[in-house]
Structure formats: C-alpha cells, structure tokens
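Accompanying notes for the structure given below.
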Amino acid sequence: MLNPLSTFLGELHDPDGADRVLEEFRGILEDSTIGKIGHNIKFDYSVLLWHGLRVQGKLFDTMLAAWLAVPDLRRSMDYLSEALLAYTPIKITSLIGEKGEQQKSLREVDVEKVAEYAAEDADITLQLSDVLRPKIEEMGQAEVFETVECPLVPVLAHMEYEGVRMDVDVIKGLSEDLKSEISSARNEIFELAGTEFNLNSPKQLGEMLFDTLKLDPDARRTAKSGQYQTSERVLQRLAHKHAIVQKIMDYRVCAKLKSTYVDSLPGSVFEGTGRVHTHYEQAVTATGRMQSHGPNLQNIPIRTEKGREIRKAFVPRNSDFVLMSADYSQIELRVAAEISGDVGMGQIFSEGGDIHTATAVKIYGVDNEEMRRRAKTVNFGIIYGISPFGLAERLDIPRTQAAELIDQYFEQFPGVKKYTEDTISFAKEHGYVETIMGRRRYLRDINSRNTTTRKGAERNAINSRIQGTAADMIKIAMSLIQDEMSRRRLNSRMLMQVHDELVFDMHRDEADELMPIVERLMATAIPMSVPIVVEMGVGEHWLEAH
DNA sequence: GTATTCTGG
DNA sequence: TTCTACCAGAATACG
C-alpha cells in the first residue's frame, strides 16, 4: 500500500521543483468554490496536507461513489474504467515495470510518458464521475453519499495526519513482563506434557491434548481440515480435566498480546512524528462500518486485565493535552429500539434503566447476575439475527430451551419480532435492506433454496440495518464535530474512531468547550425518539479516558 | 494462499 | 437435514 508519508516526503529528490508545481495549483486547490473530483481522493488530500496545503471545496470521490452505486464491482480505477467506460487505461506497470526489485519510481520515467499517464488518469476520473453521479441517484444513495460519506473524507485525512502518540517505554515494559510469563508457561506445559512441541500450532496442540493425553474422546474437529478444535471455548470446557489446559490458555493470552500488539506497535510509529498514523478505509465493509489498518487501532485489547495495559501506551501529544474518549452507550440496541419502534424497549431506554437487567426481568421475571448475563447474550443475539442454534451454543443450553427463550423474548418485545419479520420480507421482495439514512446492503442469497445460506442472508438483513445505521450515525457526528472544532479554531484534535467511540487529543483549556459539543453532536447526529446516550471520560492515557 | 485463533465493536 | 449467531484485522502454521 502506498503511503503518502514515505512516498512523497522521504523520497522526493527535487523538493524545490515539487514546491514550484504545488504553488502553481495552490490557488485552485485552496479555493472553496471549486469542487474536487478524485478516485480515492483521501489519498490526494493527504499528500497535499503533508505538504502544508489544505484542499478546500466540495469533494467527489469516484471510489466512494462506486462503492454505493455499483457495490458488486471491484473498486480499482482500471477495473471501473473497463466496466463502466469500456476503456482500458495505460497500465502503471508499462511505465515503472512489474512489482518487485527493479520496479522504478515515476520520477525516473520520461516526463512525456508521465504526463500522458497522469492526464489520462484525470480524464478517466472525470468520466467515471459523469457515469456514477446519476447512478447514485438511481440507486437512491444520494443522501448517504452527500451527507455521510463525502463530508467524512477530509475528516479521516486529518485524523490519519494527526496520528496518536505512543509511549514506547510502556510497551517495552510490557514486552519484558510477557517474555518471562511466556517462557515459564512454556516450561510448565512441556513438563506436564512430557515432551516439547510447537505451542503455536493448533494441529500439534490438538494431537497432544486429544491423542496423547486423551482428554476428550468426543473431541470436536474443525469443519474445513478435520483438525481437533483447540479454541478458547473448547479449552474452557476441558480445564478441569488436566492442569495443562489452564497453562495453555495462559500461554495463548500472553503470546497473542506479545506478537500482535506489544511487539508490533512500536514498528508502526512513524519516525518523522513519533506517532502512529493509522489508515481508515471508508468504503470496504458491507454494513458501512470503517476499517482501520497499519496498525488496526480498532481491536486494541480492553476486556482482560493484562490486555488493557496496552492502552496505557496511547498518550496525549504533550502535557498540555489529555486524551478524551466519547462513546455511544448501547448504540446498537438503541438503534434496534428506534427502527423497530418497540414500545417496551423504547421505554426502558427512556427511563434510563439498564437494558440487560430490564430484559432479564421481562423474560425471566427475575433480576440477578446470572439472569442479567443471559439476557445480555439474548440481546446481542437479537442484533445479530438470533437463531436457537446460535443462542444455545453461547448459553450452553439445549436448542429447545433456547427456542423457548426466543419465544419468550418476542412475546415481551413484539415490536422487535415484527422488525425481524418485516426486514426479512422486505429483503426477499427487493433484494436489499436499508439503514435509516438509506444505505443499502444487497443480499444475493435471500431467496436461496439452501436453507443454511438463506438463513445466513436473513441474519445479515436483520443485522445490517442496525449496524449500518449506527455506522451512519457516528460518521455524520464526526463530520459535524470536525466542522465545529475548526470553526472555533480549537487546538484539540480528533484522533481515532472505534465503531462507537471517538478519541480526542484534547487541550486542557478546551475541555469545558469541547466536551459538550462532542456529546451534543454525537447524540443528535441522526434525530431519534429513543434517547442516545454518550459516555465521556478524560485521562493521561487511553485506558484512563475510556 | 488457506485455515485457525484471538483481538475489538 | 442443516452445524450459522453480526462486522472486521493480524499473527502464525502449513501445504
């Protein structure tokens, strides 16, 4: 993946020449009355931002447009050109060669050739926009495109540009701790097993547990390769049979944290800034959610004691700042209540009660820790398009009992039942479902004769409207917040988005001004009759702020 | 390149 | 009869 940082800052061999070119275009690029069209325009915006130029004016991204207007097509410009314009563009490889050792840089190529390539690139983008613009209208995606996606492009570019500061010393300390824990766990496991093997190989581990130690004669095997399953769930059920099992779980926790986070995050720190500049992908998921990579900041541990320590390494830019986190409380259940119009569920939220406790009271008639835990599982099941099989698996109860539980739930929340039925029948009739903002997800398999396939599509339909609406909501909030922050010329910066959470580098003096703004704009981004609650926190690192 | 596992929402 | 809970990224093993 190309990176504006390395591609355009580090390797530029003629910065003066580049600056002169930049100055030629500065007037147009910074003119807010002139719209800009680009394919993956966040990339171009970012490059210019790193060169101190802030692009103004309305942005039209043909890649985003294609995502919404022709969702089945691949999103590379070359492919779209062939599919929509019946024209095969000059291949970049015809200028710089195939990917590999001797691939050239564009600046080593004859300028005439580069000019032809670049001009064609611009021309195709313009032509694609002419084709895609009416298609967005036809597909009913104009509102999502105009009010959700396009305004978000510069917001994401700025978040990537800002990055987040990492305290590498925190990471180094964790690395040492984990190293010794892993080493002693390994020794104990091999001692108990009587032999050494590769602990990271599920295959070898499965053979040790089930062939050598014979811990479970009815051990489950994986569907694809027929290996023994050694997942957390499986180990959990085996834990009482042999001391080695707990040790393996301990080892796995530490090995995962070390390899995926502790050892890899320092490598993502960009030397030029000392910060981690993640990339956000706006147009990839089926539901409308974003993805983060390089590194992925959306799966930093929080659920376990050990794992959450990693969040202490995410720190404010300097001592004048703190990290501020704002996250939606139970957003998907609130959205479910809103879309379904279920009166009882809406009432629970209006009264400000605990949704899982209230659900436990409704379906079990009692309120204790265990029933609340089960009700919570049921509530998640609702969002995902519940099935007796799936619920039984997660609650570890018989399928028949799970089915009764679902009946019980739907009796108490008839609006939710109607939502699932209406959503499925709409999907069967139209072949797609929509979020509140009109974002569509097409479901090819919704009328499949294969029951498993069809049921899967039905769950996608139920889940997509909910997850997609929540995604729309936070995307809108981000644009509104960024606008308000720059209008007020705040020094605080939006840094991260984690699906239902926004994290800010907040100047200490701006707390009283910024926090009410963030809270209000997040809560009202999409007007709803169910109250939307935003929980906020401040701290010297991400863990403290959350 | 595919499969498995684990991290998050 | 089916062996599925939804949406993702990344590390590792293994053919």
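Predicted, not measured: the structure shown is a model, and the values here were computed from it. In the text below, chain A, chain B and the rest are named by the order of the sequence lines, each starting its count at 1.
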Nucleotide by nucleotide, 5' to 3', does protein get under 4.0 Å of the base (B), only the sugar-phosphate (S), or neither (-) in nucleotides 4-9 of chain B, counting heavy atoms? SSBBBB
The Watson-Crick or G-U wobble partner of C:dA13, with both key distances under 3.5 Å, is B:dT2
Side chain to side chain contact (heavy atoms under 4.5 Å, CB included) between A:Tyr432 and A:Leu443, worked out: CA-CA 5 Å; A:Tyr432 63 83; A:Leu443 300 148; 5.8 Å; no
Value for NZ (A:Lys475) from OG1 (A:Thr147), rounded to nearest 0.5 Å, stands at 11.0 Å
Taking C-beta and beyond as the side chain, do A:Ile462 and A:Tyr419 meet within less than 4.5 Å on heavy atoms? yes
Is there a side-chain contact between A:Leu495 and A:Phe314 (heavy atoms, below 4.5 Å)? no
Spacing of A:Phe197 atom CZ relative to C:dT12 atom C1', expressed in whole Å: 15 Å
Select from A:Asn200 and A:Arg441 the residue whose nearest nucleotide in DNA chain C is closer to the 5' end of that strand. A:Arg441
A:Phe413 six-ring face occupied by A:Lys362 cation (under 6.0 Å, within 45°): yes
Using atom CG of A:Asp445 as one end and atom C1' of C:dT2 as the other, report the distance to the nearest whole Å. 15 Å
Classify the side chain of A:Arg394 and the base of C:dA5 as holding, or not holding, a donor-acceptor pair under 3.5 Å. yes
Closest of C:dA11, C:dC7, C:dC3 to the A:Asn463 side chain is C:dC7
Lys/Arg-Asp/Glu bridge criterion (N-O < 4.0 Å) met for A:Asp354, A:Arg372: yes
Taking atom P in both B:dT4 and C:dC3, what distance in whole Å separates the two? 15 Å
Identify the nucleotide, in any strand shown, that forms a Watson-Crick or G-U wobble pair with C:dT2, with both distances under 3.5 Å; if there is none, say none. none
